[in-house]
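In what follows, chains are A, B, ... by sequence order, proteins preceding strands, each numbered from 1.
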Protein chains: 2
Amino acid sequence: MIKISRMADYGVLILAELAREPEALRTASGLSDTTGLPEPTVAKILKTLTGAGILRSARGVNGGYLLQKTADQIPVAAIITALDGPICLTACADGVEDSCAVRETCSLKGRWNGVNALIKSALEAMTLAELLESGTEKVQKKA
Amino acid sequence: MIKISRMADYGVLILAELAREPEALRTASGLSDTTGLPEPTVAKILKTLTGAGILRSARGVNGGYLLQKTADQIPVAAIITALDGPICLTACADGVEDSCAVRETCSLKGRWNGVNALIKSALEAMTLAELLESGTEKVQKKA
DNA sequence: CTAAATAGAACTTATTTAGTACTATAAAGG
DNA sequence: CCTTTATAGTACTAAATAAGTTCTATTTAG
Ligand code: FES
Ligand code: FES
C-alpha cells in the first residue's frame with residue numbers, strides 16, 4: 001500500500017503539538033495526554049526524534065522536550081527518515097547491495113533510482129511548517 | 001522504510017520481460033524461468049495484473065500472457081496500484097475515514113493530502129517505458 | 001536522598017506481506 | 001470426448017516487519 005509507518009505519522013502529530021509553543025518544555029506523558037496517543041509509544045518517538053537532532057531534551061525533574069529548530073527549518077523528509085529509515089522505494093536502489101535476490105539476472109538494476117530521487121526531493125522540499133499550514137505553493141490548494 | 005512491496009517490484013520486472021517481445025504469449029512458468037522469481041508468485045502477479053487490465057491473457061493449451069498496451073502507455077502508478085493498493089502515504093488521507101484512531105483530536109486532519117498528491121502524480125507521469133529506458137527528462141540524468 | 005523526568009535496550013505482540021495449495025474453468029489436439 | 005496444458009480464483013499458512021511494552025540506567029531539581 002506504499003505508505004509511511006504509523007510512527008512517522010504520530011511523529012508529525014507530536015511535532016505539530018510541540019510547534020504550537022516552540023519555547024516550552026513538554027514531557028512525554030503530557031504530550032501523550034494532549035495528542036491522545038499511547039504514552040510508551042510517544043516516549044519512544046520522542047527519544048528517536050531527539051537522537052536525530054530534531055528535538056532537544058532536558059533530563060531530570062522539570063525536564064522534557066522542545067523543538068531544536070523552528071518548524072520551517074524541519075523538512076518532512078528528516079522526520080520520516082528518523083522514524084522510518086531511509087526513503088527508498090525499492091530494495092535494489094543505489095548502494096543497497098545485498099537486498100535484491102535477482103540482482104544478477106535483473107534487467108532493470110537500479111532503474112528505480114530516478115523515482116526514488118523524485119519522491120525524496122519532494123519530501124525534502126516540504127517543511128513541517130508547510131505541512132501544518134497547508135495551502136502553500138507546494139501543497140495543492142483546496143477551496 | 002517507506003517502500004513499495006516486493007510484489008510491485010517483481011511486477012515491474014515481469015512486465016519488463018514481457019515488454020521485450022510485446023507480441024508474444026508467455027506462460028507463467030516460462031516467465032518464472034527467465035526472471036528467476038518463484039513460480040507461484042509470478043503466477044499470482046500475472047493474474048493480478050490481468051485483472052487490472054494491464055495484461056491480456058489466453059487460457060488453455062498454448063495460452064499465456066501479453067501486454068495489453070505498449071510500455072509507454074502504462075503508468076508506473078497503475079502497476080503499483082494494481083499490486084499494492086492505492087498510493088496513499090498515510091492512514092488519515094482523503095476518504096479513509098475509519099483508519100485513524102486520533103482523528104477527533106487531531107490537529108492535522110488530512111494535511112498529508114498534498115504530499116500524497118505530489119507523489120501520486122509523479123508516479124502517474126512516469127511510464128513503464130521510461131522506467132526501462134532510464135535517462136529521460138523525468139528521470140535524473142546520470143553522466 | 002528522593003522524586004520526576006529522559007536514555008536506551010530488550011522483549012513480546014500484532015499486523016502486514018509473501019508464499020503456497022487447491023479447485024474450477026477454458027482451449028487445443030488426438 | 002477425453003486428456004493435457006494453461007489461466008482464474010480463492011483460501012490458507014508462514015515469514016517478515018512494525019508496533020507496543022517493559023525494565024534498567026542516568027540525570028537533575030529540591
Ligand atoms: S529487481 Fe533488484 S536488481 Fe533488479
Ligand atoms: S493523524 Fe490521523 S487524522 Fe490526524
Task: Backbone of B/L31 reached by a side-chain donor or acceptor of B/T35 within 3.5 Å - done: yes
- [ ] Please give the nucleotide sitting opposite D/dG30 as a Watson-Crick or G-U wobble pair, both distances under 3.5 Å, or none.
- [x] C/dC1
Open item on the list: Assess the residue pair A/T127 and A/D72 against the criterion (side chain to side chain donor-acceptor pair (under 3.5 Å)); give the C-alpha distance rounded to whole Å, side-chain angles, the decisive distance to 0.1 Å, and a yes or no.
Closed with: CA-CA 5 Å; A/T127 68; A/D72 61 351; over 6 Å; no
Open item on the list: From C-beta outward on A/T27, which listed nucleotide comes closest to its side chain: D/dT28, C/dT6, D/dG20?
Closed with: C/dT6
Open item on the list: Rounding to an integer number of Å, can you tell me how far A/L25 CG sits from C/dA5 P?
Closed with: 11 Å
- [ ] Look at all strands and tell whether A/A43 reaches a base, only sugar-phosphate, or nothing, counting heavy atoms closer than 4.0 Å.
- [x] nothing
- [ ] Return the value, rounded to whole Å, for the distance between atom CZ of A/R56 and atom P of C/dA7.
- [x] 13 Å
TODO: Would you tell me if any nitrogen or oxygen in the side chain of B/T41 comes within less than 4.0 Å of OP1 or OP2 on C/dG19?
DONE: yes
Task: Test item: side-chain donor near acceptor, B/E124 and B/S121, under 3.5 Å - done: no
Open item on the list: Rounded to whole Å, please give me the gap between CD1 in B/I14 and P in C/dA18.
Closed with: 13 Å
TODO: Establish, with yes or no, whether the OP1 or OP2 oxygen of D/dA6 is under 4.0 angstrom from a side-chain nitrogen or oxygen of B/S57.
DONE: no
Open item on the list: Quick check on D/dA8: is either OP1 or OP2 less than 4.0 Å from any side-chain nitrogen or oxygen of B/Y65?
Closed with: yes
TODO: Please report, rounded to the nearest Å, how far the P atom of D/dT5 is from the CZ atom of B/R26.
DONE: 20 Å
Task: Polar side-chain atom of B/T41 near backbone of B/L37 as donor-acceptor pair, under 3.5 Å - done: no
TODO: For A/R6 and for A/A28, locate the closest nucleotide of DNA chain C by heavy-atom distance; then report the residue assigned to the nucleotide nearer the 5' terminus.
DONE: A/A28
Open item on the list: I'd like to know if A/R59 reaches the base of D/dT26 with its side chain such that a donor and an acceptor end up less than 3.5 angstrom apart.
Closed with: yes
Task: Minimum-distance nucleotide (side-chain atoms of B/S5 versus D/dT28, C/dA7, C/dA18) - done: C/dA18
Open item on the list: Exactly one of A/I74, A/L131, A/L83 should register a side-chain contact (heavy atoms from CB on, under 4.5 Å) with A/V12. Which one does?
Closed with: A/L131
TODO: Report which part of the nucleic acid A/G64 touches: base, sugar-phosphate, or nothing (heavy-atom distance under 4.0 Å, all strands).
DONE: sugar-phosphate
Open item on the list: What is the separation between atom CG on A/N62 and atom P on C/dA3, rounded to the nearest whole Å?
Closed with: 15 Å
- [ ] Whole angstrom is fine here: how far is it from CE in B/M7 over to P in D/dA15?
- [x] 15 Å
Task: Closest to the A/T50 side chain, choosing from D/dT22, C/dA7, D/dA19 - done: C/dA7
Open item on the list: Between C1' on D/dA25 and NZ on A/K47, what's the gap in Å once rounded to a whole number?
Closed with: 11 Å
Task: Gap between atoms NZ and C1', on B/K44 and D/dC12 respectively (whole Å) - done: 10 Å
